Every structure is written in structure tokens, then in C-alpha cells.
Protein chains: 2
Amino acid sequence: MQLTRQSEYAIRTILELSSLPEGEFIQSRTVSVRQELPERFLNKTVQILARAGLVETRRGMQGGIRLAVKPEAITIADVVGVVEGKIAINPCLADGYHCANRSECRVRGILNRAQEAMLAELGRENFAGLAGNDIAEEAV
Amino acid sequence: MQLTRQSEYAIRTILELSSLPEGEFIQSRTVSVRQELPERFLNKTVQILARAGLVETRRGMQGGIRLAVKPEAITIADVVGVVEGKIAINPCLADGYHCANRSECRVRGILNRAQEAMLAELGRENFAGLAGNDIAEEAV
DNA sequence: CTAAAACAGGATAAATACAATCTAATTACT
DNA sequence: AGTAATTAGATTGTATTTATCCTGTTTTAG
Ligand code: SF4
Ligand code: SF4
């Protein structure tokens with residue numbers, strides 16, 4: 001019942017990128033140093049974020065990575081969802097899983113509600129707020 | 001980001017026990033058959049539940065297991081907590097873990113709120129309601 | 001008093017999943 | 001060309017989860 005480290009790494013990466021001036025590239029190596037993340041493994045993580053369209057990459061000299069969308073449009077729920085795939089705290093909440101007594105099971109309903117409650121919280125605040133680079137710092 | 005199977009097994013076991021007349025013993029083997037759970041593994045799970053004081057066991061002929069407390073007093077959150085230990089969806093939410101920038105980290109607060117929201121839902125309904133053996137079936 | 005029934009507990013094995021690394025390619029700028 | 005950066009897949013290492021085995025202890029039927 002825990003997020004993977006890769007999710008944390010991804011969150012910290014997006015956080016780092018969110019605090020940069022819009023459009024600026026930063027090398028993933030720099031992120032790994034600043035956030036103290038294993039470099040090689042972070043590269044993998046960046047790839048996932050890139051394929052999902054959250055970050056943009058540029059190769060070669062002067063290359064690096066940057067956000068592909070505005071920090072305001074990304075939440076922790078998004079990042080975790082991209083890295084770990086669609087969240088399902090129990091197999092029966094995932095697509096394509098068939099449990100015999102699923103129809104009459106009342107446990108499943110509770111698990112589902114619990115999951116939704118968690119995802120709602122993870123999706124409540126966006127990375128503009130998290131990185132602290134929004135002016136108003138919308139009072140919660 | 002998933003509950004262990006053992007948690008499911010434990011939930012189904014408590015559910016089975018909750019639907020029995022109060023005080024009646026049932027053999028763990030019967031539970032494993034009725035719920036289609038691996039017998040040997042379930043024994044281990046029962047031990048955990050017993051040590052935590054949720055179920056009571058009796059050895060020998062005519063032995064078996066039964067709830068040690070009323071179904072009304074047990075929630076899914078309790079069962080999962082017993083089987084998996086104190087829930088922490090990220091290492092930094094567990095006791096004894098030290099993250100360098102924990103004090104200034106705003107991600108942690110969100111993760112914590114998400115976890116609490118999930119646990120609140122898991123603790124909302126008790127096993128009397130889940131097993132459907134309470135009269136009023138308290139309208140939610 | 002003995003044998004069978006049922007849980008207790010530790011050790012171990014098998015299977016997954018997670019985390020990290022390695023090597024080689026590709027791209028792009030200078 | 002040459003260098004700096006990401007891309008991609010393969011591979012290794014580690015931890016966790018899941019499951020089984022074997023031996024012991026308790027209880028009761030006979
Ligand atoms: S028994 Fe209920 S909670 Fe468990 S897997 Fe089946 S549907 Fe889901
Ligand atoms: S960076 Fe924040 S969320 Fe991540 S482990 Fe540290 S305190 Fe927790």
C-alpha cells in the first residue's frame with residue numbers, strides 16, 4: 001500500500017521543473033543532482049513523463065527537459081497516474097479484472113469510495129501552488 | 001499502490017465470521033473453502049488476526065475461530081491496519097523515516113491528506129453493516 | 001490414555017514486482 | 001565531424017509478496 005519511489009522521483013522532478021521560468025530547459029542530470037535522485041533511473045522516469053506528454057525533451061547540446069504543459073494543469077494525481085498507470089488499490093477496481101461475487105460484494109464499493117477520496121485529495125492542488133510560484137497562493 | 005492479497009483474505013475472513021451467529025466457531029478450513037482462499041496461507045493470516053485480538057481461536061476437535069469482538073466494532077481500516085501494519089502511502093508518512101526537506105515539503109502534506117481521506121472511508125462502515133446482519137442497515 | 005482434529009509457529013521456497021544499472025543508439029547543436 | 005544530451009531495450013540486483021512444509025501444542029472424542 002505504498003506509492004513507488006519512481007512516483008516520488010517523478011513528483012520531485014515536476015516540482016523542480018515547475019519552479020523554473022516558463023519554457024526554460026534543464027538537464028535531467030541537474031535535476032538528479034538537485035533532488036538527489038539516482039541519475040540513470042531518473043532518465044527512465046523522465047522518458048515516461050515525456051511519452052505521457054507532461055514534459056518535453058530536447059536532445060543534444062543545450063538540450064534538456066521542460067514542462068510540456070503549464071504547472072497549473074498538473075496535479076500529483078496526474079503524475080502518479082502516469083508513472084504507475086491507472087490507480088487501483090485492489091485488483092477488482094482495475095479494468096478487466098473479474099471477481100466471481102463482484103456484483104454482490106459490498107466491500108468493493110467501500111474500497112472504491114476510499115480510492116476516489118484519496119485521488120480527489122491528490123488532485124486538489126496543482127504544481128503551480130506546490131512550487132510556490134503562483135502569485136496569489138490561493139488560500140486553501 | 002495496492003492492498004496485499006492477504007488484506008483481502010483477511011477482510012473476507014472477517015466478513016465470513018461476521019455473518020455467523022455470535023459466539024459460534026467455524027474452522028478456518030471451512031472459511032478457505034467457502035471463500036476460495038489458499039488454506040495454508042489463510043492459516044497464517046488468521047494467526048495475525050488472532051494475535052491482534054480480532055479473532056479468537058480454539059484448538060482441537062470442535063475447535064475453530066470466531067470473532068473476538070463484535071462486528072460493529074471492526075472496520076476495513078482496522079483489518080488492513082492489522083495485516084499490513086500502519087498504513088503509509090509514502091515512506092515519509094511512516095514513523096521513524098527522516099527526509100531532508102521534510103519540514104519545507106508541501107507534497108507531504110497533500111499525501112498525508114490523501115491518506116487520511118482514504119482511511120476515513122475505509123473506517124466509515126463496520127462489518128455488521130457489511131455482512132448485512134444488522135437490522136436497521138443504517139441509511140448512509 | 002490414546003488418537004485424531006484443529007490451530008501455532010518457524011523455516012523455506014517460489015513468484016512478482018521494484019529499483020537500479022548497463023550498453024548502444026539517436027538526435028541536435030556547434 | 002565532434003560533443004553533449006536524450007532514447008531504448010536488456011539486464012541485473014533486491015525486496016516484497018505469496019505460498020507451502022514440517023513439527024509442535026492443545027483439545028476432545030472414544
Ligand atoms: S470479493 Fe469484493 S472486494 Fe474482494 S475482489 Fe471480489 S469484488 Fe473486490
Ligand atoms: S520530498 Fe516531501 S513527499 Fe518526498 S519524502 Fe521528502 S517529505 Fe515526503
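As a basis for the values below, the full set of heavy atoms in this structure was taken, side chains included, without hydrogen atoms, waters or symmetry mates. In the text below, chain A, chain B and the rest are named by the order of the sequence lines, each starting its count at 1. Source: prediction; values computed, not measured.
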Visitor: A/Phe41 CZ to D/dT11 P: how many Å, rounded?
Guide: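 That distance rounds to 19 Å.
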
Visitor: Nearest whole Å is fine: how far is D/dT25 C1' from B/Asn43 CG?
Guide: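 Computing the B/Asn43:CG to D/dT25:C1' distance gives 15 Å.
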
Visitor: Is the side chain of B/Asn126 donor-acceptor paired with the backbone N or O of B/Gly129 at a distance under 3.5 Å, no angle test?
Guide: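 Checked: pair present.
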
Visitor: OP1 or OP2 of D/dT7 sitting under 4.0 Å from any side-chain N/O of A/Arg51?
Guide: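 Checking D/dT7 against A/Arg51, no side-chain N or O comes under 4.0 Å of OP1 or OP2.
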
Visitor: What nucleic acid atoms does B/Gln27 come within less than 4.0 Å of, heavy atoms only: base, sugar-phosphate, or nothing?
Guide: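 Sugar-phosphate only.
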
Visitor: Starting at the 5' end of nucleotides 25-30 of chain C, put B wherever the base has a protein heavy atom under 4.0 Å, S where only the sugar-phosphate does, and a dash everywhere else.
Guide: -BBBSS

Visitor: Using 0.5 Å steps for rounding, measure from the OG atom of B/Ser7 to the CE atom of A/Met1.
Guide: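 That separation rounds to 9.0 Å.
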
Visitor: Distance check: side-chain N/O of B/Thr57 vs OP1/OP2 of C/dC7, anything under 4.0 Å?
Guide: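 So the side-chain polar atoms of B/Thr57 never come under 4.0 Å of the phosphate oxygens OP1 or OP2 of C/dC7.
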
Visitor: Judged by atom type as modelled, is there a donor-acceptor pair below 3.5 Å linking the side chain of B/Glu121 to the main-chain atoms of A/Arg113?
Guide: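 No; judged by distance alone, with no hydrogens or angles, the pair does not exist.
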
Visitor: Quick one, B/Leu122 and A/Leu111 - any side-chain contact, counting heavy atoms below 4.5 Å?
Guide: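 In contact.
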
Visitor: Whole angstroms only, please: what is the CD-P distance between B/Glu8 and D/dA19?
Guide: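 Whole-Å distance recorded here is 12 Å.
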
Visitor: Would you mind reading off the distance between A/Arg40 atom CZ and D/dT7 atom P, rounded to a whole angstrom?
Guide: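 Whole-Å distance recorded here is 15 Å.
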
Visitor: Round to a whole Å and report the spacing from NZ of A/Lys44 to P of D/dT12.
Guide: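 It works out to 15 Å between those atoms.
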
Visitor: Looking at CG of A/Leu17 and CZ of A/Arg66, how far apart are the two atoms once the value is rounded to the nearest 0.5 Å?
Guide: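 These two atoms lie 11.0 Å from each other.
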
Visitor: Mind calculating the distance between CD1 (B/Ile26) and P (C/dA6) to the nearest angstrom?
Guide: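 Spelled out: CD1 on B/Ile26 to P on C/dA6 is 12 Å.
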
Visitor: Using a heavy-atom cut-off of 4.0 Å across all strands, would you classify B/Arg5 as base, sugar-phosphate, or nothing?
Guide: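 Since only primed, P, OP1 and OP2 atoms lie under 4.0 Å of B/Arg5, the category is sugar-phosphate.
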
Visitor: Go through the steps to decide whether A/Ile76 and A/Ile14 satisfy the test side-chain contact (heavy atoms from CB on, under 4.5 Å), and finish with yes or no.
Guide: CA-CA 9 Å; A/Ile76 293 183; A/Ile14 298 290; over 6 Å; no

Visitor: Take the protein atom CD1 of B/Ile48 and the nucleotide atom P of D/dA19, then report the distance between them rounded to whole Å.
Guide: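 Result: 13 Å.
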
Visitor: So, is B/Gln47 near the phosphate of C/dG9, with a side-chain N or O under 4.0 Å from OP1 or OP2?
Guide: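 For B/Gln47, the contact criterion (side-chain N or O under 4.0 Å from OP1 or OP2 of C/dG9) is met.
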
Visitor: Nearest nucleotide by nearest heavy atom, which residue falls closer to the 5' end of DNA chain C, B/Ser28 or B/Met1?
Guide: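 Its nucleotide being nearer the 5' end, the pick is B/Ser28.
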
Visitor: Categorize B/Tyr9 for me: base, sugar-phosphate, or nothing, with a 4.0 angstrom heavy-atom threshold over every strand shown.
Guide: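 Counting heavy atoms under 4.0 Å across all strands, the contact made by B/Tyr9 is with sugar-phosphate only.
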
Visitor: For B/Arg66 and C/dC7, what is the distance between atoms CZ and P respectively, to the nearest whole Å?
Guide: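 Going from CZ in B/Arg66 over to P in C/dC7 covers 14 Å.
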
Visitor: Is there a side-chain contact between B/Ile48 and B/Gln6 (heavy atoms, below 4.5 Å)?
Guide: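 In contact.
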
